[in-house]
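Notes follow once the structure below has been shown.
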Amino acid sequence: IILHSILAWKRWSKSQRKGIKMVELIDVVNGDNEVIGEAPRKGIHETKLKHRAVHIFISDGRSNIWLEKRAEHCDTYPGYHNSSAAGHVAKGEFYEQAAKREVEEELGFKNINLKLLHTLEASEETSNEFIAFFIGQTDQKPTIHSDTAELKLMDVAEIKRLIADGERFTPVFKLLFDYYLRKANE
């Protein structure tokens, strides 16, 4: 039935598809990060089901990181500063595929080499997400995504100052930024 629906969807013209949204499915996982089912992305945080996500820090090759400020219409942490790009891992997708997709969708960056830096276990602090944290660098100019209110290239020292001054950053960003700083000083 699902395959038939997808094939029918592809045959419809743009005017026939207008106003109809495809349901974005993501894998639901158990405490060992093993897939046990699927669920629509919309509302996944309210259900508290464990699932997978990626966060990516993109730098300019110096001490600057692209940071997004989430749009006010976002369902979680509207108006908060966050990673350069972040998002849910789609059903059947691998973490690295999701990271590359998010970087292209949210920033417009193509052909970026990403390196897995760290992983976080699903917890209340991560909104029940198992998170894969990637880093990359580019001198490309980004494009702003509809879920982004603002995108800035910020120096690491300025990010530290903003966090210390109480500026709103997502809890996951703070965890990952702390880890990023520790790795940079090793």
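Numbers here simply count residues along the sequence, with the first being 1. Below, all heavy atoms of this structure are taken into account, side chains as well, without hydrogens, waters or symmetry copies.
Counting heavy atoms from C-beta outward, Met154 and Leu162 have side chains that approach closer than 4.5 Å. Tyr95 has its side chain within reach of Arg52: a pair of non-hydrogen atoms, C-beta onward, lies under 4.5 Å apart. Proximity of Lys42 to Glu24: side-chain heavy atoms (C-beta onward) are nowhere separated by under 4.5 Å. In this structure, the side chains of Phe130 and Thr119 stay at 4.5 Å or more apart for every pair of heavy atoms.
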Would you check, one step at a time, whether the test side chain to side chain contact (heavy atoms under 4.5 Å, CB included) holds for Leu117 with Phe134?
CA-CA 5 Å; Leu117 190 64; Phe134 292 86; over 6 Å; no
Check the pair Val89 / Phe94 against side chain to side chain contact (heavy atoms under 4.5 Å, CB included), numbers first and verdict last.
CA-CA 7 Å; Val89 177; Phe94 294 104; over 6 Å; no
Check the pair Leu181 / Lys160 against side chain to side chain contact (heavy atoms under 4.5 Å, CB included), numbers first and verdict last.
CA-CA 10 Å; Leu181 293 176; Lys160 284 191 212 177; 3.9 Å; yes
Please test Lys91 against Ile26 for side chain to side chain contact (heavy atoms under 4.5 Å, CB included), starting from the C-alpha separation and ending with a verdict.
CA-CA 4 Å; Lys91 179 181 180 292; Ile26 60 175; 5.7 Å; no
Salt bridge (charged side-chain N to carboxylate O under 4.0 Å, His left out) between Arg182 and Asp178, worked out
CA-CA 6 Å; Arg182 285 196 319 266; Asp178 184 55; 2.5 Å; yes
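The aromatic rings of Tyr77 and Tyr80 stand perpendicular to each other, their planes meeting at an angle above 60°, with 30° marking the opposite boundary. Between Tyr179 and His118, the angle of the ring planes stays under 30°, which puts this pair in the parallel group of the 30/60° scheme. Taking the six-membered ring where the residue is Trp, His51 and His88 present tilted rings, their angle falling between 30° and 60°.
Shown here for Ala39 and Leu49, the closest heavy-atom pair between the two residues is CB-CD1, 4.3 Å. Looking at every heavy atom in both residues, Leu114 comes nearest to Ala99 through CD1-CB, 3.7 Å. Across Cys74 and Asp147, no two heavy atoms sit closer than the pair SG-O, 3.4 Å. When every heavy atom of Phe173 is checked against every heavy atom of Ser83, the shortest pair comes out as CD1-N, 3.6 Å. The two atoms that bring Ser146 and Ala71 nearest to each other are O-CB, 4.0 Å, heavy atoms only. Of all heavy-atom pairs between Pro40 and Val23, the closest is CB-CG1, 3.8 Å.
Put simply, the residue from Glu102, Gln97, Glu129 that forms a side-chain contact (heavy atoms from CB on, under 4.5 Å) with Val54 is Glu102. A side-chain hydrogen bond (donor to acceptor under 3.5 Å, both in side chains) with Arg101 holds for exactly one of Glu106, Glu93, Glu96; it is Glu93.
Proximity of the aromatic rings of His55 and Phe133 is defined here by a centroid distance below 6.0 angstrom, and this criterion is not met.
Here CG of Leu153 is found 4.5 Å from CG of Asn64. Values are rounded to the nearest 0.5 Å. From Leu107, atom CG reaches atom NZ of Lys141 across 13.0 Å, with rounding to the nearest 0.5 Å. How far OG1 of Thr126 is from CG of Leu120: 6.5 Å, rounded to the nearest 0.5 Å. The OG1 atom of Thr76 sits 12.0 Å away from atom CD1 of Ile44, with the distance rounded to the nearest 0.5 Å. With values rounded to the nearest 0.5 angstrom, Glu38 atom CD is found 7.5 Å from Asp27 atom CG. Taken from CD1 in Ile58 to CG in Leu67, the straight-line distance is 11.5 Å, to the nearest 0.5 Å.
In this structure a side-chain-to-backbone donor-acceptor pair under 3.5 Å is missing from Asp32 to Glu34. Between the side chain of Thr148 and the backbone N or O of Glu150, no donor-acceptor pair lies under 3.5 Å.
One hydrophobic cluster, built from ILVMFWY side chains closer than 4.5 Å, cannot hold both Phe109 and Ile135; they sit in different ones. Hydrophobic clustering, with ILVMFWY side chains joined whenever heavy atoms are under 4.5 angstrom apart, keeps Ile112 apart from Phe57. A single hydrophobic cluster is not seen to contain both Val28 and Leu25; linkage of ILVMFWY side chains at heavy-atom distances under 4.5 Å, directly or through other members, places them apart. Put simply, Val103 and Val172 are part of two different groups of oily side chains (I, L, V, M, F, W, Y) that touch within less than 4.5 Å, one to the next. Hydrophobic clustering, with ILVMFWY side chains joined whenever heavy atoms are under 4.5 angstrom apart, groups Tyr180 together with Ile163.
For residues 63-90, the set of pairs meeting the salt bridge (Lys or Arg N to Asp or Glu O under 4.0 Å) definition, not counting sequence neighbours, comprises Arg41-Asp75, Glu68-Arg70.
Here Asp165 pairs with Arg161 under the salt bridge (Lys or Arg N to Asp or Glu O under 4.0 Å) rule; sequence neighbours left out.
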